[in-house]
Participant: 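Can you keep this structure in mind? I'll have questions shortly.
Just so it is clear: chains get the letters A, B, ... in the order the sequence lines come, proteins before strands, and each one is counted from 1.
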Amino acid sequence: MHGFIELAKEEWDLVDTPVFQRLRGIRQLALASLVYPGATHTRFEHSLGVAHVAGRMARKLGLDTDAQKLVRHAALLHDVGHGPFSHISEEVLEVLNTGTPSESSLPIHEVIGHRIISSDQQIGRHVSPADAEQILAVLNGSADTTILTQIITGPADADKQDYLLRDSAACGVEYGAYDIDRLHNTLCAINDDYDTYMAFTRGGIEALEQFVLAKYYMNSQVYSHRVRRITDAMILRALQLGTEVDQIAFLRDAFLYSNDDDYLRHYLSCDDMRIVSEARSPSWSGTWFARLFARLTERRLLKEVFTIPVNDLSPDSLRAWVEGVEPGTKKRIEEKVADILGCEAECVILHEYAVGWSPRSSESDIQIHDGNAGSPFSESSTIFNTVEGALQERWLAVYAPRDNDESAAARRLAASQHDRIKSEIETEIRRRAGGGP
Amino acid sequence: MTLRTTLLLMLAAWGSDMRGRTVLQKNAYFMSKLLGEDLGFRPHYYGPYSPKIEYALGELRGMGIVSESVSVFGIADAAGFQRRRYDYSLTEEGEHVANAIRNDRKLEYEALESAVKKIRQAGGNLDYLSLAVAAKTHFVISGGDSSLSEKDVVDRADGLGWEVNQKQVGQATEFLGRLELIARD
């Protein structure tokens, strides 16, 4: 992606640690290869790419050598806490550990990453406790200088810059292409008495717009691709049922978070390969974990049988979505849909999603600096608002098995079934909100 | 309450268009201080900024609960770029949802309403730059540097390249005093 990437000796030392090498076994896009066969790239090469891009940005921004080194180390280690199937593990951890006190207000997967950086013995041979603390400060946004964090985790950060290009190339699409050289060429820093911030000169607005478009197209065409949503939902359901219902020991050890020392060992023993391999083991034959992973590996995927924009729901139902629908309500909806379709409820998945929105991803407050004052990118871009609005649209989908229907037409639901599902969803939500029959 | 519920009720309590993203963020910041709630604010060029508030706003927009309208303000510079402001208000569905939640969460809504009233009474029609200066000043002071004088605030705004005059800065620091978020001489 970036040509030759050079690493300093201490960076090679970090790359050669077992926790970093483990990233070779965690795919960047989980099972997106079921849609895009070339999407088999891993967090390993992505982390190297982010370190390279972060180093370029740090040099262009005029950071001193110590700050450059800190940023590169933080970039190398930023994904070291990823679990199997990348972001799906994050969701599994959040779902299975609701109400479990963690060490801080951070999401559990970030707490795990921080524990690895601060306590892994191999990393500790090459990163002092003081340096580990600085790396963690950069990653969690509490660094003394804001610009350090913005390089790694912000709206135009090195992480995003690498994965848009990398994912696009791996998937064999052009959507993620943008002019990274022009973007870097227009990087600048704004200082005040207390802090330093990342900004772009006015000449970079078009490059930023291209970057925003790349993100939009990758989100809408790749990351939110229907089949990818379905495979991600199936992996999440398989891991959740495997832990909670099948009570499979190695899954419980890895995904039920604990502060004790053994927990990290169990967590780090899991990568994509182990999960897929274990799912084939006779030990777990007949479990939901094995059955759902068999569907994935044999590509007998669930189908999207229902979809609706959230704002097409009744106002009473909308209220419940604003306040958050309880897991119990979602489960009842899935059971009702299973009754309608004549299938097992465990294989029916209700999924709420936006095309591509996350707290980190908004470019609205990227600063454009014209040498005098800064102004937000959102105020200067003609296309930003349109793209941002499209990314924020929220949808509700239902995935279910349709194995017995041979033709695509038969697999599509009859209009009456579609209306019944919508009615059941709204009824259950209103019941939860106290306004239903 | 979820953050999007808090934000929805805040917009309902505000009662009219929230004019501009910076204004929304800064008012949410002061609300969080008055209510003693952590809404995820962290350092930013324009003062404390919460990606979580941005995300919650996006969710509410995506659900059709909140509408965003864009106002264009002439030509900003020789390159021909126009400056834009984004204004937020509840849609009809948003009003319906807010009323329903308000009826069930009377105590929480009254606290929000009280905070909004205090901010309105303290701030009048502070422009977004003055609000940003006030928020940034408070963020720094609450981070430990309580020695900032009004002159420091003026110098700091100038250091950012902001064309904020002493009157605006004076208004901003008085605003913080009326909110009882800083001690006034």
Side-chain angles (χ1 to χ4, degrees), chain A residues 105 141-142 146 149 154-155 190-195 197-199 202-203 205 309-316 318-319 321-324 354-355 357-362 364-365 367-376 378-382 384-385 388-389 391-395 433-435, chain B residues 1-2 4-5 8 21-22 25 38 40 42-46 49-65 68 70 73 76-77 79 81-86 91-98 100-101 104-105 136 140 143 145 152 155-163:
Chain A
S105 58
S142 61
T146 297
T149 295
I190 316 178
N191 298 295
D192 66 19
D193 293 336
Y194 291 88
D195 211 340
Y197 308 90
M198 192 170 82
R202 279 218 173 269
I205 285 180
V310 169
N311 57 12
D312 273 5
L313 295 174
S314 66
D316 289 335
L318 266 182
R319 177 203 166 162
W321 284 106
V322 170
E323 293 191 284
V355 170
W357 192 247
S358 75
R360 262 184 41 196
S361 71
S362 172
S364 60
D365 280 298
Q367 291 304 304
I368 302 298
H369 194 55
D370 60 7
N372 183 24
S375 62
S378 58
E379 291 184 9
S380 301
S381 167
T382 53
F384 172 78
N385 190 50
E388 195 195 35
L391 284 173
Q392 291 172 340
E393 289 174 1
R394 304 200 73 80
W395 292 78
Chain B
M1 290 200 297
T2 61
R4 55 189 184 210
T5 306
L8 173 65
R21 287 179 178 183
T22 300
Q25 281 277 340
D38 179 5
R42 56 189 204 187
H44 190 268
Y45 178 71
Y46 271 126
Y49 167 78
S50 169
K52 293 181 181 177
I53 293 275
E54 179 90 15
Y55 185 59
L57 182 65
E59 288 184 305
L60 294 176
R61 279 186 63 206
M63 291 180 187
I65 302 274
E68 179 184 90
V70 183
F73 294 94
D77 58 25
F81 287 105
Q82 296 175 316
R83 298 290 291 267
R84 291 168 180 77
R85 188 189 72 204
Y86 298 88
T91 61
E92 193 177 322
E93 289 80 11
E95 295 280 2
H96 180 101
V97 171
I101 297 175
D104 288 343
R105 292 185 178 274
K136 192 154 192 169
V140 170
D145 188 346
D152 291 331
D155 289 343
R156 130 123 11 145
D158 182 62
L160 286 164
W162 294 354
E163 293 180 6

Participant: With a 4.5 angstrom heavy-atom cut-off, is it the side chain or the backbone of B:I53 that approaches chain A, or both, or neither?
Facilitator: neither
Participant: Identify the heavy atoms of B:T2 and A:V322 that sit nearest to each other, and give their distance.
Facilitator: OG1-O, 3.2 Å
Participant: Could you walk me through whether B:D104 and A:R319 pass the side-chain contact (heavy atoms from CB on, under 4.5 Å) check?
Facilitator: CA-CA 12 Å; B:D104 288 343; A:R319 177 203 166 162; 2.7 Å; yes
Participant: Which distance, rounded to the nearest 0.5 Å, do you find between the CZ of B:R42 and the OG1 of A:T149?
Facilitator: 7.0 Å
Participant: Please give me the minimum heavy-atom distance between B:M63 and A:N311, naming the atom from each residue.
Facilitator: O-CB, 2.8 Å
Participant: I'd like to know whether A:E323 forms a side-chain contact (heavy atoms from CB on, under 4.5 Å) with B:I101, so could you lay out the CA-CA distance, the side-chain angles of the two residues, the decisive distance to 0.1 Å, and finally the verdict.
Facilitator: CA-CA 9 Å; A:E323 293 191 284; B:I101 297 175; 3.8 Å; yes
Participant: Without swapping roles, check the side chain of B:R4 against the backbone of A:W321 for a donor-acceptor pair under 3.5 Å.
Facilitator: yes
Participant: Side chain from CB out, backbone as N, CA, C, O: work out which of these in B:M1 comes under 4.5 Å of a heavy atom of chain A, or both, or neither.
Facilitator: neither
